[in-house]
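None of the values given here were measured: they were computed from a predicted structure. A, B, ... follow the sequence lines: proteins, then strands. Residue 1 opens every chain.
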Protein chains: 2
Amino acid sequence: MRQQDWSTVRALPLFRDMSEENFAALMNAAFLQRFPAHVSLIAEGDLPDFLHIVVEGSVELFARHDGQETTLDIVRPVTTFILAAVIRDEVYLKSARTLSPAQILMVPARTVREVFGRDAAFARAMVNELADRYRGFVRALKNEKLRTSTERLANWILQEDRHQGGTRTIALDIDKRKLASRLGMTPENLSRNLAQLAAHGVRSSGRGIEIKDVAALADFAKPNTLLDG
Amino acid sequence: MRQQDWSTVRALPLFRDMSEENFAALMNAAFLQRFPAHVSLIAEGDLPDFLHIVVEGSVELFARHDGQETTLDIVRPVTTFILAAVIRDEVYLKSARTLSPAQILMVPARTVREVFGRDAAFARAMVNELADRYRGFVRALKNEKLRTSTERLANWILQEDRHQGGTRTIALDIDKRKLASRLGMTPENLSRNLAQLAAHGVRSSGRGIEIKDVAALADFAKPNTLLDG
DNA sequence: ACGTAGACTTGATAAAGATCAAGTTTCGAT
DNA sequence: ATCGAAACTTGATCTTTATCAAGTCTACGT
């Protein structure tokens, strides 16, 4: 990877505090790869070859079992993924595919583990990163076990609105079937749940969702920082 | 805490590789506390005061939302819990209570963070620990999203049998209502699901579960290392 | 040993969610 | 602009899970 492209990656909490030398060691071993949309990046069950960092585009993390498939997360720039598998050198628990054309920075797993062994600042940053991700999954499990599908959707809308700047107008950049899978429901039920939320201040048409009445929506959704982050 | 009690804790992967001096710093600040059964240890939403280590007895990690409660994990000796909250100094996402009389080693959170800052081996061990826990929650979420409640029970039986030594006779040491909550179902449905599994080689009576036909049970359960660990 | 509270089971019913089957809309390719 | 495939919606039905309501069992304290 060329040096002028390093800065955004260097700015990530995971790499911010490590030594210049060790960061260079990671980047020199890494390469930036372009992928078209809907291409498989990694498959659950395989051993990790690379630490992946989404630099551009979006990536779906999903898992299959017994003919079913579910979306576990959708990763956007600039974020690492499958860090836990790389550091433990154990098989991936998730598969990954591009949702859009994407640029992925790929750092050889061995290099990551080597640098991890000699750079204490990197090790400490990794602890913070993993602890944060861990908490994300705790929240996801609570969300799944303690809410109905309509409530999950309502809270997703509130959260997504905040991420998109709080304009109360959300533009979907993924298929609704993907959103349904991420929220743990079928596409059919996402449709019905959206229709249901009309009674709680939500208007939707095509790829747009509009919050007409935040108070009413929040009243129904019962957002909770211990579940929604 | 007295020095003769340190050895089992010192043997944990999390503490094994750190310097003698820093381990002593942790232990000298720590104290071993006895609790009766059914006592609250921590409450979600609070800021962490201590890293907890179950030395004896069993502890339930659970969460509440909107009048509902769900069990997230049951922790047995010798294991740390709420590590992620301690290291990030952020509010607990889970509550904890004793299920039986228990001994808990409590290490002040500040001490843990201090030692973490200066002992690289501890930081690296923490990465491994957190990565492992992270993967546990990924599996839990997959288990929840990709299986029916009866399948979750069937796989729990297979797994618990392995943990108890593969004798095909499981002795429950927790209430069935707790097990139901851990597996994401109501007590009523746990009863019905157990009855259902009679058709797949499982006999149960009171606190005992017997696997009469492992092949039949496995055939129904479809165990998968990417979900069950 | 007895009594009682709580745990467990079982049945009936309701709610939530999935599946099946049309239709309709959207969007990209020609 | 048109066509066709895929995405989306809506309705009907079925499965899964939760809730309500008895009952039975179990374990513990007196």
Under-4.0 Å side-chain N/O to phosphate OP1/OP2 contact, B:Asn189 with D:dA18: yes
Cationic N near anionic O, under 4.0 Å, A:Asp228 to A:Arg162: no
Touch class at under 4.0 angstrom, heavy-atom based, for B:Ser149 against every strand present: sugar-phosphate
A:Ile174 to A:Arg207 - nearest heavy-atom pair and separation: O-NH2, 3.4 Å
Side-chain donor/acceptor contact of A:Glu188 with base of D:dC8 under 3.5 Å: no
Sugar-phosphate only, base, or nothing, as touched by B:Asp175 at under 4.0 Å among non-hydrogen atoms: sugar-phosphate
Between C1' of C:dT19 and CE of A:Met185, the distance in whole Å: 16 Å
Sugar-phosphate, base or nothing in reach of A:Thr148, heavy atoms under 4.0 Å: sugar-phosphate
Rounded distance in Å - CG (B:Leu190) to C1' (D:dT19): 16 Å
Minimum-distance nucleotide (side-chain atoms of A:Arg177 versus C:dT10, C:dA7, D:dC8): D:dC8
A:Arg88, CZ: over 12 other non-hydrogen atoms inside 6.0 angstrom: yes
Base of D:dG11 paired with side chain of A:Arg192 (donor-acceptor, under 3.5 Å): yes
Nucleotide nearest B:Thr186 when distance is taken to its side chain, options C:dG17, D:dC8, D:dA18: D:dA18
Nearest heavy atoms of B:Thr98 and B:Ala37, plus distance in Å: OG1-C, 3.3 Å
Whole angstrom value for the distance that separates P of D:dC8 from CD1 of A:Ile174: 10 Å
Nearest-angstrom distance from the residue atom NZ of B:Lys176 to P of D:dC25: 14 Å
Ring center gap for A:Tyr92 and A:Phe81 short of 6.0 angstrom: no
Position toward the 5' end of DNA chain C (nearest nucleotide), A:Asn193 or B:Leu194: B:Leu194
Nearest-angstrom distance from the residue atom CG of A:Leu183 to P of C:dG17: 12 Å
Whole-Å distance separating the CG atom of A:Leu146 from the P atom of D:dA18: 12 Å
Residue whose closest nucleotide on DNA chain C lies nearer the 5' end, A:Gln68 versus A:Gly206: A:Gln68
Any B:Lys178 side-chain N or O less than 4.0 Å from OP1/OP2 of C:dA7: no
Euclidean distance, atom NZ of residue B:Lys145 to atom P of C:dG17 [Å, nearest integer]: 13 Å
Value in whole Å for how far the P atom of D:dA7 lies from CG of A:Leu179: 15 Å
Heavy-atom donor-acceptor pair, A:Arg207 side-chain to C:dT25 base, under 3.5 Å: no
